[in-house]
Amino acid sequence: MSPSQEDLEHTLGYRFNDRCLLKRALTHSSCDSAGGNNQRLEFLGDAVLDLIIAAQLFARFPEADEGDLDRGRASLVNGNALATIAEQAGIKNHLIVGAAHLKHHPEPSRAMLEDALEALIGAVFLDGGFEAARKRA
């Protein structure tokens, strides 16, 4: 593992048992990687994050109705908010992107950052379980 991925683990506060999951979470679909890319982990991470936020809102606001809880979750779990969190965590410095993509887009888009953050949540969930993911979300 490169030192930069170890730095990211430090930022996340989580050390992966299966380092392949971390690499896959950081690998954009523009890469032709034998280890795969982050799309499936993004799908899983999106669902895990929705559950984590829903459970927290449910517990924190016992009088809120379904509509209020849904709006609260939507305000927290949206592309802009997730991309901002990914930027603050420095995820862009760790993304693995295909050369052809980099040629035309040298900086990762906000959508790529959002996707990578969700993929990381999915990877932590697979590697360490729900509680590990909950603590990092």
Side-chain angles (χ1 to χ4, degrees):
M1 172 170 294
S2 71
S4 64
Q5 288 178 335
E6 289 174 358
D7 291 343
L8 182 57
E9 283 183 318
H10 180 73
T11 299
L12 295 173
Y14 183 79
R15 184 165 172 83
F16 280 85
N17 296 305
D18 181 352
R19 299 273 165 89
C20 292
L21 284 170
L22 174 57
K23 183 175 181 184
R24 190 176 326 137
L26 296 171
T27 302
H28 185 256
S29 61
S30 64
C31 289
D32 185 21
S33 173
N37 62 52
N38 66 5
Q39 289 182 320
R40 287 175 48 86
L41 287 172
E42 173 200 345
F43 168 80
L44 180 61
D46 178 58
V48 170
L49 182 59
D50 273 348
L51 176 59
I52 291 167
I53 297 301
Q56 289 177 349
L57 291 171
F58 187 87
R60 188 168 184 189
F61 301 104
E63 301 301 320
D65 64 22
E66 177 189 8
D68 290 337
L69 294 171
D70 193 45
R71 284 186 291 280
R73 182 181 60 202
S75 73
L76 295 171
V77 183
N78 64 64
N80 190 46
L82 297 179
T84 298
I85 292 166
E87 284 176 341
Q88 292 169 347
I91 289 174
K92 77 176 192 172
N93 301 323
H94 306 281
L95 286 177
I96 304 164
V97 181
H101 185 87
L102 280 175
K103 183 177 179 183
H104 299 289
H105 307 284
E107 288 294 316
S109 68
R110 292 185 62 77
M112 285 173 66
L113 294 172
E114 171 194 356
D115 293 349
L117 179 62
E118 289 174 335
L120 282 166
I121 292 168
V124 169
F125 172 76
L126 287 178
D127 192 68
F130 182 77
E131 190 60 23
R134 187 190 66 76
K135 288 180 180 178
R136 271 93 202 153

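Just so you know, residue 1 is the first one in the sequence shown, and it goes up from there. All values below were derived from every heavy atom in this structure, side-chain atoms included, with hydrogens, water molecules and symmetry-related copies excluded.
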Mind listing the closest non-hydrogen atom pair of [X] and [Y] along with its distance?
X      : Y      : answer
Ser75  : Gly72  : OG-O, 2.8 Å
Ala132 : Gly128 : CB-O, 3.6 Å
Leu57  : Arg73  : CD1-N, 3.3 Å
Ala123 : Ala25  : CB-CB, 4.0 Å
Val77  : Ile53  : CG2-CG1, 3.6 Å
Phe125 : Val48  : CG-CG2, 3.8 Å

Interatomic spacing from [atom1] in [X] to [atom2] in [Y] - rounded to 0.5 Å:
X      : Y      : atom1 : atom2 : result
Leu120 : Ile91  : CG    : CD1   : 5.0 Å
Arg134 : Gln56  : CZ    : CD    : 6.5 Å
Leu12  : His94  : CG    : NE2   : 8.5 Å
Glu118 : Leu41  : CD    : CG    : 11.0 Å
Phe16  : Leu22  : CZ    : CG    : 5.0 Å
Lys92  : Glu107 : NZ    : CD    : 4.5 Å

Would a distance-only check, ignoring hydrogens and angles, find a side-chain to backbone donor-acceptor pair under 3.5 Å from [X] to [Y]?
X      : Y      : result
Asp127 : Asp18  : yes
Arg136 : Ile121 : no
Arg15  : Glu9   : no
Gln39  : Ser29  : no

Determine whether more than 12 heavy atoms belonging to other residues, nucleotides or ligands lie under 6.0 Å from atom [atom1] of [X].
X      : atom1 : value
Glu131 : CD    : yes
Asp32  : CG    : no
Phe130 : CZ    : yes

Is there a side-chain contact between [X] and [Y] (heavy atoms, below 4.5 Å)?
X      : Y      : result
Val97  : Met112 : yes
Arg110 : Glu87  : yes
Ile96  : Asn38  : no
Leu26  : Leu8   : yes
Leu49  : Leu117 : no
Leu95  : His28  : no
Asp68  : Phe61  : no
Asp115 : Asp46  : no

Check your understanding: When hydrophobic residues are tied together by side-chain contacts of less than 4.5 Å, even through go-betweens, does Val124 share a cluster with Phe43?
Key -> no
Review point. According to the interplanar angle, ranging from 0 to 90°, do the rings of His105 and His101 count as parallel (below 30°), tilted (30 to 60°) or perpendicular (above 60°)?
Key: tilted
